[in-house]
Amino acid sequence: MSSQRNLFDKVWEAHTVREFPDGQSQLFVGLHLIHEVTSPQAFAMLREMELPVRFPERTFATVDHIVPTDSQQRPLEDALGEEMMAALEANCREHGIKLFDPASGKQGIVHVIGPELGLTQPGMTVACGDSHTSTHGAFGAIAFGIGTSQVRDVLATQCLTLAKPRVRRIEIGGALGGGVYAKDVILHIIRRLGVKGGVGYAYEYAGPVIEAMSMEERLTVCNMSIEGGARVGYANPDERSIEYLRGRAFAPPPEGATFERAATWWRSLKSDADADFDDRVSFPGAEIEPTVTWGINPGQALGVNEALPLPADVPDEERSGFSEALSFMGFHAGEPILGAKIDVAFIGSCTNGRISDLREAAKVARTGQVAPGVRTLVVPGSQAVAREAEAEGLDEIFRSAGFEWREPGCSMCLAMNPDKLRGRELSASSSNRNFKGRQGSPTGRTLLMSPAMVAAAALRGRVTDVRELLG
Amino acid sequence: MSERIRRVEGRACVLRGNDIDTDRIIPARFLRCVTFDGLGAHAFEDDRKQAAAAVAAAGVKSDHPLDDPRFAGARLLVVGANFGCGSSREHAPQSLMRAGFRAFIGESFAEIFVGNCSALGLPCATLEPGDLAALMDALEGNPAQQVVLDIGHCTLRSSAGLHNCGLRDGVRAALLEGNWNATRVLLEAGPAIERTANALPYLANFARR
Ligand code: SF4
């Protein structure tokens, strides 16, 4: 009998503790990740309910949002940040939860260290009080962001109440052109399907372009699922996922047959060839250009050589959002995005702060010098990424081109540490959100793009087609 | 057991616009805290400041709805489509709850936002676009009126009429039965939780110990 199940169904079923009469499920969470921003209140709620942590060995903690990227010296200069860090340390100590703090050498952005340490594995359910948890889906895990009350639920029960979403398979066919990266793929998907298009869906990313991607590229794609409205995004595990995990600190041990047994199970999780999906869409990879956002949500994006839409091209229901975005950004309908003058260039975040991102950006950086007046930050996603980059001399390439090389953390992705936009600065950013005020100044403006495109914009001082610099 | 919530009634504040994200509801700098106390004062702070500055500069009357005295004391917040998208921060519904809101009415809501609200006993009810437009107009014309969200019947009563609204079944039952605090409900599964864990290959067979 041929089964017709997709990966989502298989993983969901394996983790279902029970079903509620209203159709929701009690789902077991295989891996719980926490950080300093969304956990302290959850621990306080737990204390109020006088409950212990049920599976302390399945929760791992790190600090990322508030840590400064110039110096990680304790106590932190920011008293509120120090209080949050101390609260996380105390909570982890009290409940026997492993914490990767700066002293551990393993600290970094939660969605960077999960895969890097081999904590994230195919077939797991992963939850974290952070909307970019979908990142971990790159390995064929079902990973989703949760709120603080749900962090409490997971701490107390290792479970969540969830309604099963529908599954949409998104196939990217053919191949990508030169100078087109994973970031462009996901920006393109969101542009096409809309920022609400994924509400109620899990996204399965598939097709030749996804299969040809490295694990780090797949992490970038899955990371921004939530920007398209989908709480979950995943790719099917393959030999590349398995090889990535071999030898990682928390992956199944390589000795004996243990790792091979795990690999056999991982291979079995893939969506069946004839699997059912609630919806399917496909795009040819060749239509994807280096993509840049011009507005105040990640769906307001353009190929770098396209002009901003004219009001007549915008569907009625988007008209008011369109003019709001134009006036906030100070752009005009119909003008090109190419050549827009930038003030800040930010390379980093859980979307694009991994070693391969820094390598691609460095290839561009070594072709010139940062334009006068452009403020730059290159922020590795973790201490391990920083060590690797420094061993390869990437830090030197960036520094000699005039970029600032910083310590790991979320940095200018959001305004919770000292790295912030000032006033109306326009930033070319490799992060994931261009919302009003996201980068720390209520009037600051963000253009999302790939790390290589950010590096190109930094050198020219303007939005640039990176392909010109790559020759 | 938590409180049973059958209806939410009171004044309703109209906040127009689609895709309003949680960074706007509560800017990230206010997330530097270890409790949710005090967040109520900062809901929509940047939008409100910008609206106030525009009022001062242009002399036009365009207060942010949360600062509009006609909506003072509102318990329901009426919004557009995809409200609460973006960051998963529960700080967003927490700040709105602490600012006095007990229910949200809109065309649609982001999923994590609905999940967060449900855990706090705050219903997110959806209306058909036409009904929503009529409701917004009616409220702006007569902001002092009492609006009633009836959770059992999934209806919303205002001067625009009685409208059917959408509420997810699970959320509705949890509010009516008073078990929207999910921890207790999840704990009832008892040893079935460990049984599920022990059957997972990655915990049973090849975990690194
Ligand atoms: S890098 Fe940005 S999006 Fe990623 S976890 Fe940090 S703040 Fe969130």
Side-chain angles (χ1 to χ4, degrees), chain A residues 14-15 17-18 20 22-24 26 28 30 37-38 40-41 44 49 51 54 66 80-81 83-84 87 121 123-124 129-131 145-150 152-153 156-159 161 163 195-196 199 229 231 250-253 258 261-262 265 297 320-321 414-416 433 435-438 442, chain B residues 16-19 21-24 27-29 31-36 45-47 49-50 81-82 85-91 93-94 108 110-113 115-116 119-120 168-170 172-174 181-187 189 192-193 195-197 199-203 205-208:
Chain A
H15 291 81
V17 176
R18 58 178 176 151
F20 294 108
D22 62 33
Q24 298 196 90
Q26 176 162 354
F28 184 81
V37 183
T38 53
Q41 302 86 348
M49 297 179 79
L51 290 170
R54 182 110 166 208
I66 52 125
L80 288 174
E83 189 186 354
M84 293 170 79
Q121 297 167 21
M124 284 182 169
D130 194 285
S131 58
I146 56 178
T148 296
S149 294
Q150 289 175 310
R152 169 204 63 198
D153 295 344
T157 71
Q158 203 63 29
C159 293
T161 305
V195 293
K196 303 189 264 292
V199 174
R231 195 171 180 181
F250 289 85
T258 315
R261 268 209 315 280
W265 185 60
N297 75 52
S320 74
L414 95 172
M416 287 195 61
R433 286 192 172 139
F435 299 150
K436 286 180 175 180
R438 170 70 180 187
Chain B
R16 290 185 184 264
N18 296 333
D19 304 317
D21 58 76
T22 53
D23 276 81
R24 279 172 72 184
R29 61 182 182 281
L31 273 53
R32 288 160 59 254
C33 57
V34 293
T35 85
F36 291 126
E45 176 145 316
D46 290 343
D47 281 11
K49 276 198 180 138
Q50 280 167 31
N82 200 28
C85 61
S87 156
S88 64
R89 59 188 70 160
E90 189 169 306
H91 303 67
Q94 287 276 358
S108 61
E111 271 168 63
I112 302 180
F113 184 82
N116 285 340
L120 301 176
R168 219 194 273 156
D169 280 354
R172 187 168 145 257
N181 175 335
T183 303
R184 296 279 174 218
V185 179
L186 292 167
L187 280 172
I193 298 175
R195 274 202 302 277
T196 306
L200 288 167
Y202 61 89
L203 294 184
N205 300 334
F206 44 80
R208 190 182 278 266

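All values derive from a computational prediction rather than experimental measurement. Every chain is numbered from 1, with letters handed out A, B, ... down the list of sequences.
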Go through the atoms of [X] and report whether side chain, backbone, both or neither lie under 4.5 Å from a heavy atom of chain A.
| X | answer |
| --- | --- |
| B:R32 | both |
| B:R195 | neither |
| B:A199 | neither |
| B:A110 | neither |
| B:Q50 | side chain |
| B:L200 | side chain |

Determine the option with the most heavy-atom pairs under 4.5 angstrom with chain B, choosing from [options].
| options | result |
| --- | --- |
| A:S131, A:P40, A:G123, A:A44 | A:S131 |
| A:Q150, A:R231, A:R261, A:H15 | A:H15 |
| A:D22, A:I66, A:V199, A:T148 | A:T148 |
| A:G147, A:G437, A:G229, A:A163 | A:G147 |
| A:F28, A:W265, A:F20 | A:W265 |

ask   = Quick one: does B:E90's side chain have a donor or acceptor within less than 3.5 Å of a partner on A:S149's backbone?
value =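 Yes, the answer is positive, given that a donor and an acceptor are paired below the 3.5 Å cut-off.
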ask   = Counting only N and O atoms by type, is there a donor-acceptor contact under 3.5 Å from the side chain of B:D46 to the main-chain atoms of A:P442?
value =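 Not at all, since once roles are kept as given, no pair shorter than 3.5 Å links the two residues.
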Part of [X] within contact of chain B (heavy atom distance under 4.5 Å):
| X | result |
| --- | --- |
| A:Q24 | side chain |
| A:I146 | backbone |
| A:S320 | neither |
| A:A87 | side chain |

Rounded to the nearest 0.5 Å, what separation is found between the [atom1] atom of [X] and the [atom2] atom of [Y]?
| X | Y | atom1 | atom2 | result |
| --- | --- | --- | --- | --- |
| A:M49 | B:L187 | CE | CG | 7.0 Å |
| B:C85 | A:K196 | SG | NZ | 8.0 Å |
| A:E83 | B:T35 | CD | OG1 | 8.5 Å |
| A:R433 | B:S87 | CZ | OG | 5.5 Å |
| B:N181 | A:R152 | CG | CZ | 4.0 Å |
| A:L80 | B:L31 | CG | CG | 11.5 Å |

ask   = Does the side chain to side chain contact (heavy atoms under 4.5 Å, CB included) test come out yes or no for B:L203 and A:M124, once each step is laid out?
value = CA-CA 10 Å; B:L203 294 184; A:M124 284 182 169; over 6 Å; no
ask   = Are A:K436 and B:D21 close enough for a salt bridge, meaning some N to O gap below 4.0 Å?
value =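 A salt bridge is absent here (no side-chain N lies under 4.0 Å from a carboxylate O).
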request  = Identify which of B:A119, B:A192, B:G115, B:A182 forms the greatest number of heavy-atom pairs closer than 4.5 Å to chain A.
outcome  =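 Going by pairs under 4.5 Å, I would pick B:A182.
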